[in-house]
Amino acid sequence: MAEQKLRLHDTLSGDLRPLALERPGEVRVYCCGPTTYDDAHVGHARAALAPDVLVRYLRWRGLHVTYVRNITDVDDKILARAKQSGEEPTTLSARMAERYQADIGALGCSAPDVEPKVSEHIADIVALVERLVANGAGYVVDLGGGVRDVYFAVRAFPGYGKLSKRKLEDLRVGARIEANDKKRDPLDFALWKGCAETEWGWPSPWGKGRPGWHIECSAMSARYLGHGFEVHAGGMDLVFPHHENEIAQCEAAHPGEGDFVRTWIHNGFVNVDKEKMAKSLGNFVTIRDVYQRYDPEALRYFLLTVHYRGPIAFETDKREDGRVVFEGVAEAERRIDYLYAVLERLGELAATASEPGAKAKELDAYAKVFAGASERLAAALEDDLNTPAALAVVAELAKTGNELCDVAQKRKKDARLVAAAGALARTGKAALRGALDVLGLCHSDASAYTVRSQARRLAALGVAAADIDRKVDERLAARGAKDFTRADALRAELGALGIEVADSPTGSTWRVGVV
RNA sequence: GGUGAGGUAGCCAAGCGGUUAGGCAAUGGUUUGCAAAACCAUCAUACGCGGGUUCGAAUCCCGUCCUCACCUCCA
């Protein structure tokens with residue numbers, strides 16, 4: 001069995017352990033995707049991001065990854081929401097699925113290789129339920145009128161509770177025992193939920209119905225990844241009961257075939273005022289809400305500043321003028337601005353390089369930083385996907401890159417040094433670019449990013465670019481006439497609007513700061 | 001009650017037995033007509049509290065306080 005340098009914190013064993021592959025060079029990853037009845041919030045973004053970083057790292061290391069992230073488009077919540085809006089459940093879930101894909105795609109998460117939908121895998125689900133019934137792990141309950149439910153018998157699976165470290169007795173205490181309970185044991189959960197002929201459902205050996213909540217992931221992961229795949233990801237709230245039940249279903253269906261999954265990774269929550277962001281608490285901020293105010297790249301950077309297993313605080317602040325500020329994301333966007341600026345600066349310096357092999361001893365320190373970055377980045381990510389440490393590597397590269405540019409500028413009359421700096425800038429840019437790629441950051445063209453972010457910020461401020469241009473021109477004229485009092489007054493005026501003006505030998509430029 | 005996560009300098013956040021990651025803010029510099037950006041320096045002998053183990057602990061052990069989460073739908 002091939003062992004990787006990458007170590008992940010596995011929920012089942014509770015340990016940090018090296019990633020073990022069944023087949024050399026191949027990694028299978030499954031991530032529990034959304035139930036598509038509403039727009040995704042920042043918590044969903046985080047849950048999609050953790051496996052994305054994993055997949056990017058693995059591919060960077062040359063491994064072949066099969067990444068599956070499902071869409072649960074059949075669910076009672078979808079049905080309930082559709083009834084409210086008068087929409088067909090399938091139409092609603094399809095629409096929400098598209099919005100999810102757009103939101104997560106904009107976050108810079110690469111699309112999964114397979115994105116299976118429950119509605120397209122009913123046959124797989126039915127077959128799995130049949131198998132469980134045949135194994136004695138599932139049982140059918142006749143509700144009369146041709147309606148039947150199928151339940152999983154928790155007692156039939158001895159390992160039940162091993163993932164969430166729960167004992168059956170402990171669970172029993174909190175279990176809600178309904179009157180008229182159809183289940184043999186209160187802890188048993190539905191594999192198939194029968195429904196009336198007129199309701200939303202699919203035909204099955206037990207009559208019309210819909211799959212239970214957990215069975216879809218068991219069926220679809222088995223379909224695309226088989227039994228015993230490498231990594232299964234999801235939010236910490238899925239540990240129990242969702243993933244516990246997935247294990248029960250898959251291992252009961254494949255007795256003697258070993259563990260369903262080799263490594264379980266679970267991401268921590270996004271908190272608002274120290275509480276978990278959740279639909280039920282009503283304290284959620286949708287990804288779209290964030291994108292309205294900030295660049296998707298900023299949200300990604302923000303989420304990467306904290307290790308995926310820990311909690312991350314999402315602070316919302318409403319300003320006097322009514323603008324909503326997400327401070328952490330705003331700070332992240334300033335970093336994204338900075339990183340794009342460094343990439344551009346290095347690019348400009350590299351473009352002056354006429355001698356690709358030029359070297360200067362006084363630049364050795366910079367060269368060393370660039371050369372070692374990739375190794376440091378790998379070490380950070382190999383330590384249970386330590387993205388904050390990875391971002392420190394990015395920061396080091398960016399700072400060094402800027403320093404190199406500063407040196408080249410200060411000593412621009414030294415042709416030998418400038419030639420060497422130009423050549424080294426190419427290396428530096430490649431190193432930074434490479435690190436950013438692994439983290440999925442700054443994937444836009446720098447000028448495209450600038451255009452879109454400036455436009456969004458201007459819109460947020462309610463200021464027209466033409467008005468700014470006019471004032472900047474006016475100020476330039478004042479400066480030309482050495483009327484600095486007037487020029488400074490204009491700068492202050494622009495500053496009050498949130499516009500930063502920068503003077504250079506070739507004229508004046510302006511930008512809108514992150515607000 | 002059971003189970004799990006966490007409490008690190010003004011703020012955010014790595015580190016998890018042995019030369020104080022990184023970022024933000026602030027202050028002082030280099031630069032600038034003045035600024036901005038960029039870079040440098042300071043802030044930083046910080047690790048909830050009390051014991052213990054060790055040559056050495058933020059890191060290990062015991063106790064204790066606080067926060068959050070899961071046990072019901074939840075990323």
Side-chain angles (χ1 to χ4, degrees), chain A residues 9 11 14 16 31-35 37 40-51 75-77 80 161 164-167 169-176 187 213 233-242 244 266-271 273-281 284 301-302 304-307 309-313 315 327-328 330-332 334-335 337-338 341-342 345 376 380 383 386-396 398-407 409-410 479 482-485 487-488 491-492 495 499-505 508-511 513:
Chain A
H9 179 94
T11 308
L16 206 57
C31 167
C32 280
T35 300
Y37 68 101
H41 62 236
V42 180
H44 297 105
R46 194 174 194 208
L49 186 55
D75 182 273
D76 288 355
K77 286 195 289 293
S164 52
K165 318 278 188 278
R166 288 177 163 87
K167 295 177 186 137
E169 310 85 74
D170 296 340
L171 286 168
R172 193 139 290 131
V173 175
R176 184 176 52 192
L187 296 176
W213 172 33
M236 262 165 186
D237 46 3
L238 295 185
V239 172
F240 190 90
H242 188 56
E244 193 72 60
H266 291 100
N267 63 274
F269 299 124
V270 174
N271 290 154
D273 296 330
K274 292 194 170 181
E275 268 187 332
K276 170 187 165 187
M277 181 183 287
K279 288 277 167 67
S280 52
L281 292 170
F284 62 92
Y301 189 103
F302 168 69
L304 291 174
T305 58
V306 180
H307 181 89
R309 297 211 308 130
I312 183 168
E315 302 303 340
E327 190 44 49
E331 189 177 314
R334 290 180 201 111
R335 291 300 289 170
D337 278 8
Y338 169 81
V342 184
R345 249 189 121 186
R376 287 193 299 279
D383 180 20
N386 191 336
T387 53
L391 287 176
V393 176
V394 168
E396 185 187 32
K399 184 177 273 197
T400 306
N402 266 325
E403 223 171 311
L404 176 67
C405 293
D406 280 359
V407 168
Q409 205 159 28
K410 274 182 190 152
R479 283 187 77 219
K482 301 248 186 262
D483 181 358
F484 293 122
T485 313
D488 289 350
R491 188 213 294 287
I499 310 301
E500 297 163 6
V501 187
D503 299 324
S504 77
S508 291
T509 56
W510 59 267
R511 64 185 288 279

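Every heavy atom of this structure was used, including side-chain atoms; hydrogens, water molecules and symmetry mates were not. Residue numbers start from 1 in every chain, and the chains themselves are labelled A, B, ... in the order their sequence lines are given, proteins ahead of strands.
At a threshold of 4.0 angstrom between heavy atoms, the contacts of Met277(A) include nucleobase atoms, whether or not backbone atoms are also involved. Within the nucleic acid shown, Asp76(A) has no heavy atom closer than 4.0 Å to any nucleic acid atom. Residue Val239(A) is out of contact with every strand shown, counting any heavy-atom pair closer than 4.0 Å. Within 4.0 Å of Val501(A), counting heavy atoms only, lies at least one base atom of the nucleic acid. Within the 4.0 angstrom heavy-atom criterion, only backbone atoms of the sugar-phosphate kind lie near Asp383(A); the bases stay farther away. Gly310(A) comes within contact range of no nucleotide atom at all, as no heavy-atom separation falls under 4.0 Å. Within 4.0 Å of Arg345(A), counting heavy atoms only, lie sugar-phosphate atoms of the nucleic acid but no base atom. Residue Val42(A) is classed as having no contact, given no heavy-atom separation below 4.0 Å to the nucleic acid. At a threshold of 4.0 angstrom between heavy atoms, the contacts of Ala389(A) include nucleobase atoms, whether or not backbone atoms are also involved. Within the nucleic acid shown, Gly14(A) has no heavy atom closer than 4.0 Å to any nucleic acid atom. Using a 4.0 Å heavy-atom cutoff across all strands shown, Phe269(A) reaches at least one base atom of the nucleic acid. Across all strands, Glu275(A) comes closer than 4.0 Å only to sugar-phosphate atoms, never to a base (heavy-atom distances). Using a 4.0 Å heavy-atom distance criterion, His307(A) is classed as a sugar-phosphate-only contact. Residue-level contact check: Gly43(A) touches the bases, meaning some heavy atom is under 4.0 Å from a base atom.
Under 3.5 Å, the side chain of Arg166(A) and the base of C70(B) form at least one donor-acceptor pair of N or O atoms. A donor-acceptor contact under 3.5 Å links the side chain of Asp488(A) to the base of G33(B). Residue-to-nucleotide contacts include a donor-acceptor pair under 3.5 Å from the side chain of Arg491(A) to the base of A35(B).
When the P atom is compared between G23(B) and C43(B), the two are found 16 Å apart, to the nearest whole Å. For U19(B) and A38(B), the P atoms lie 32 Å apart once the distance is rounded to whole Å. Across the P atoms, C40(B) and U31(B) are found 16 Å apart, a figure rounded to whole Å. When the P atom is compared between G63(B) and C71(B), the two are found 28 Å apart, to the nearest whole Å. Comparing A25(B) with A37(B), their P atoms sit 9 Å apart, to the nearest whole Å. Taking atom P on both nucleotides, G10(B) is separated from C49(B) by 13 Å, rounded to a whole Å. Here the separation of U32(B) from A13(B), taken at their P atoms, is 39 Å to the nearest Å. Taking atom P on both G6(B) and A44(B), the two are 27 Å apart, rounded to the nearest angstrom.
Nucleotide G17(B) has no partner under the Watson-Crick or G-U criteria, as no pair reaches both atom distances under 3.5 Å. Across all strands shown, C39(B) forms a Watson-Crick or G-U wobble pair, both distances under 3.5 Å, with G29(B). Of all nucleotides present, only G2(B) satisfies the Watson-Crick or G-U wobble test against C70(B), with each distance under 3.5 Å. Of the nucleotides present, none pairs with A44(B) by Watson-Crick or G-U wobble criteria with both distances under 3.5 Å. In this structure A9(B) sits in no base pair that meets the Watson-Crick or G-U test at under 3.5 Å.
The 12-atom threshold is not exceeded at CG of Asp273(A), counting heavy atoms of other residues, nucleotides or ligands nearer than 6.0 Å.
Using a 4.0 Å cut-off between charged side-chain N and carboxylate O, Arg376(A) and Glu396(A) make a salt bridge. A salt bridge links Glu327(A) and Arg334(A); the closest N-O separation between the charged side-chain nitrogens and carboxylate oxygens is under 4.0 Å. Using a 4.0 Å cut-off between charged side-chain N and carboxylate O, Lys399(A) and Asp406(A) make no salt bridge.
Within the 4.0 Å cut-off from OP1 or OP2 of C24(B), at least one side-chain nitrogen or oxygen of Arg335(A) is found. OP1 or OP2 of G23(B) sits under 4.0 Å from a side-chain N or O of Lys399(A). Contact annotation: Lys276(A) side-chain N/O to C70(B) OP1/OP2 distance is under 4.0 Å. Distances shorter than 4.0 Å separate some side-chain N or O of Asn402(A) from OP1 or OP2 on C39(B). OP1 or OP2 of C39(B) sits under 4.0 Å from a side-chain N or O of Tyr338(A).
Closest to the side chain of Lys77(A), from the set C40(B), G6(B), C73(B), is C73(B). In the set C73(B), C71(B), A5(B), A5(B) carries the atom at the smallest distance from any side-chain atom of Pro311(A).
In this structure, Phe484(A) packs face-to-face on the six-membered ring of G33(B), meeting both the 5.5 Å centre cutoff and the 30° plane limit.
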Kindly determine whether Arg166(A) and Leu187(A) satisfy side chain to side chain contact (heavy atoms under 4.5 Å, CB included), including the steps that lead there.
CA-CA 12 Å; Arg166(A) 288 177 163 87; Leu187(A) 296 176; over 6 Å; no
